[in-house]
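Both ligands and their constituent atoms are indexed starting at 1 by order of listing.
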Amino acid sequence: MKQLTSMLVIALVCASVAFAASPSPDVKPATTTKESSKFKAGGCCDKADKKGEKCQHPCCVKAAADGKVCEKCNAPAKK
Ligand SMILES: [Zn+2]
Ligand SMILES: [Zn+2]
């Protein structure tokens, strides 16, 4: 019985060591996943968003109400 107890202790120690050695799946790699803004950089909505506000342009407010971003103000730069 005493041997069984010591075996159990060894097993527990091994398990805890293995647990400590293996990286926890909850710990994500420290990647700097910077949340890319859905607004066009430097745009009216982007500036307002950085201030923690919402763009007050009527076109942008309307788009935001539809759960979108104003395509007119946040269209990717072309040409
Ligand atoms: Zn805007
Ligand atoms: Zn707009």
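The Zn ion (ligand 2) has an N, O or S atom of C59 under 2.8 Å away, backbone or side chain. Residue contact annotation: C45 places no N/O/S atom under 2.8 Å from the Zn ion (ligand 2).
Within the 3.5 Å criterion, the main-chain N or O of K54 finds a donor-acceptor partner in the side chain of Q56. D49 places no side-chain N or O within donor-acceptor distance of the main-chain N or O of C45, the cut-off being under 3.5 Å. Judged by distance alone, with hydrogens and angles left aside, the side-chain atoms of N74 form a donor-acceptor pair with the main-chain N or O of K40 at under 3.5 Å.
Summarising the geometry, atom SG belonging to C60 is positioned 8.0 Å from atom NZ belonging to K72; distances are rounded to the nearest 0.5 Å.
When SG of C44 and SG of C60 are joined through the Zn ion (ligand 1), the resulting angle is 120° to the nearest 10°. The SG atom of C73, the Zn ion (ligand 2) and the SG atom of C70 define an angle of 110° (nearest 10 degrees).
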